[in-house]
Number of protein chains: 2
Amino acid sequence: MTAVTAAQRSVPAPFLSKTYQLVDDHSTDDVVSWNEEGTAFVVWKTAEFAKDLLPQYFKHNNFSSFIRQLNTYVSFTLTKTHLLSI
Amino acid sequence: MTAVTAAQRSVPAPFLSKTYQLVDDHSTDDVVSWNEEGTAFVVWKTAEFAKDLLPQYFKHNNFSSFIRQLNTYVSFTLTKTHLLSI
DNA sequence: GGGAATATTCCC
DNA sequence: GGGAATATTCCC
């Protein structure tokens, strides 16, 4: 038996599944939600997102730490468009 | 200017200074304290230590994670003697 | 106990 | 943005 890493399994990394759950929760759509097309997600209220939602899923409340992980996993570009509606 | 890492500075790693503070706090001596000789520290109540004290200094409440770090930094052997008095 | 994966922080 | 240090988890 050889060890199997998360990357080798077809299971998404914890960061990705947590982020999905976080975004997909409709009760917090005023803070973060999918865009109209469902192709991306939008953080509408960064302060609330960081302070209230991040600690529910992660061991921190820093927006920048979340972005660091996002960059690691999905080379996601958080453009101004995504944040303009805050 | 070249970057200077914590190891290169003479500043102790965050883990070590936090652990020192945690142990040295006399208000929690019933849970964790230095031994008589001051040569080691003793965790008297592992459950309280993990549940109440660890989260005040670290982003978790797992005794095993604390021990993992301890092993990394000080090759500390948590012998039975240290835990027998629980 | 400790190697390795993953997460968080720090800093360029 | 991302490399690297440090922290936390997972698993042998």
Side-chain angles (χ1 to χ4, degrees), chain A residues 1-25 32 40-43 46-84 86, chain B residues 1-25 32 40-43 46-84 86:
Chain A
M1 289 288 282
T2 54
V4 176
T5 66
Q8 291 171 319
R9 282 181 279 129
S10 46
V11 170
F15 172 77
L16 293 176
S17 47
K18 286 178 182 181
T19 298
Y20 183 90
Q21 282 185 263
L22 194 169
V23 172
D24 206 48
D25 179 352
V32 58
F41 66 88
V42 186
V43 177
T46 47
E48 283 80 354
F49 179 78
K51 182 169 61 70
D52 302 332
L53 300 191
L54 287 182
Q56 294 183 31
Y57 293 84
F58 305 105
K59 291 175 175 288
H60 67 80
N61 58 4
N62 304 310
F63 195 72
S64 58
S65 291
F66 177 74
I67 298 299
R68 181 70 194 83
Q69 277 285 76
L70 213 45
N71 280 321
T72 296
Y73 280 104
V74 288
S75 306
F76 181 84
T77 300
L78 189 67
T79 66
K80 250 197 163 174
T81 309
H82 290 106
L83 290 168
L84 267 182
I86 295 165
Chain B
M1 289 289 282
T2 53
V4 176
T5 67
Q8 291 171 320
R9 283 180 280 129
S10 47
V11 170
F15 172 77
L16 294 176
S17 47
K18 287 178 182 181
T19 298
Y20 183 90
Q21 283 184 262
L22 196 169
V23 173
D24 206 48
D25 180 352
V32 58
F41 66 89
V42 186
V43 178
T46 47
E48 283 79 353
F49 180 78
K51 182 169 62 69
D52 302 332
L53 300 191
L54 287 181
Q56 293 183 31
Y57 293 85
F58 306 105
K59 291 175 177 286
H60 66 80
N61 59 3
N62 305 311
F63 194 72
S64 59
S65 292
F66 177 74
I67 298 299
R68 181 70 194 83
Q69 278 284 77
L70 211 45
N71 280 321
T72 295
Y73 279 105
V74 286
S75 306
F76 182 84
T77 300
L78 188 68
T79 65
K80 253 199 161 169
T81 309
H82 289 106
L83 290 168
L84 267 183
I86 294 165

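Bear in mind the structure is a predicted one, so any value in this text is a computation, not a measurement. Here is the naming used below: chain letters follow the sequence lines, and residue numbers restart at 1 for every chain.
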Report task. Check DNA chain C against residues 54-62 of chain A and give the residues with a non-hydrogen atom under 4.0 Å, in numerical order. Result -> A/Phe58, A/Lys59, A/His60, A/Asn62
Query raised in the report: To the nearest 0.5 Å, how far apart are CD1 in A/Ile67 and CG in A/Asn62?
Result: 11.5 Å
**Report entry** Spacing of A/Phe15 atom CZ relative to D/dT9 atom C1', expressed in whole Å
**Finding:** 17 Å
Report summary line: Checking D/dT8, C/dC10, C/dG2 against the side chain of A/Arg68 (C-beta onward), the nearest is C/dC10
**Report entry** Mutual orientation of the aromatic rings belonging to A/Phe66 and A/Phe63 [parallel < 30°, tilted 30-60°, perpendicular > 60°]
**Finding:** tilted
Query raised in the report: Cut-off 3.5 Å, side chains only: do B/Arg68 and B/Ser64 have a donor facing an acceptor?
Result: no
Query - Spacing of A/Ile67 atom CD1 relative to C/dC11 atom C1', expressed in whole Å - result: 17 Å
Requested in this report: Measure from CD on B/Gln69 to C1' on C/dT8 and round the result to the nearest Å.
Outcome: 12 Å
**Report entry** Evaluation steps, side chain to side chain contact (heavy atoms under 4.5 Å, CB included), between B/Thr19 and B/Tyr73
**Finding:** CA-CA 11 Å; B/Thr19 298; B/Tyr73 279 105; over 6 Å; no
Requested in this report: Whole angstrom is fine here: how far is it from CG in B/Leu70 over to P in D/dT9?
Outcome: 15 Å
Query raised in the report: What are the two closest non-hydrogen atoms of A/Ala50 and A/Asn61, and how far apart are they?
Result: O-CB, 3.3 Å
Query raised in the report: Among the nucleotides C/dA7, D/dT8, D/dA7, which one has an atom lying closest to any side-chain atom of B/Ser65?
Result: D/dT8
Requested in this report: Please answer whether the main-chain N or O of A/Ser65 pairs with a side-chain N or O of A/Gln69 as donor and acceptor at a distance below 3.5 Å.
Outcome: no
Report task. Looking only at side-chain atoms of B/Tyr73, point me to the closest of D/dA7, C/dC10, C/dA7. Result -> D/dA7
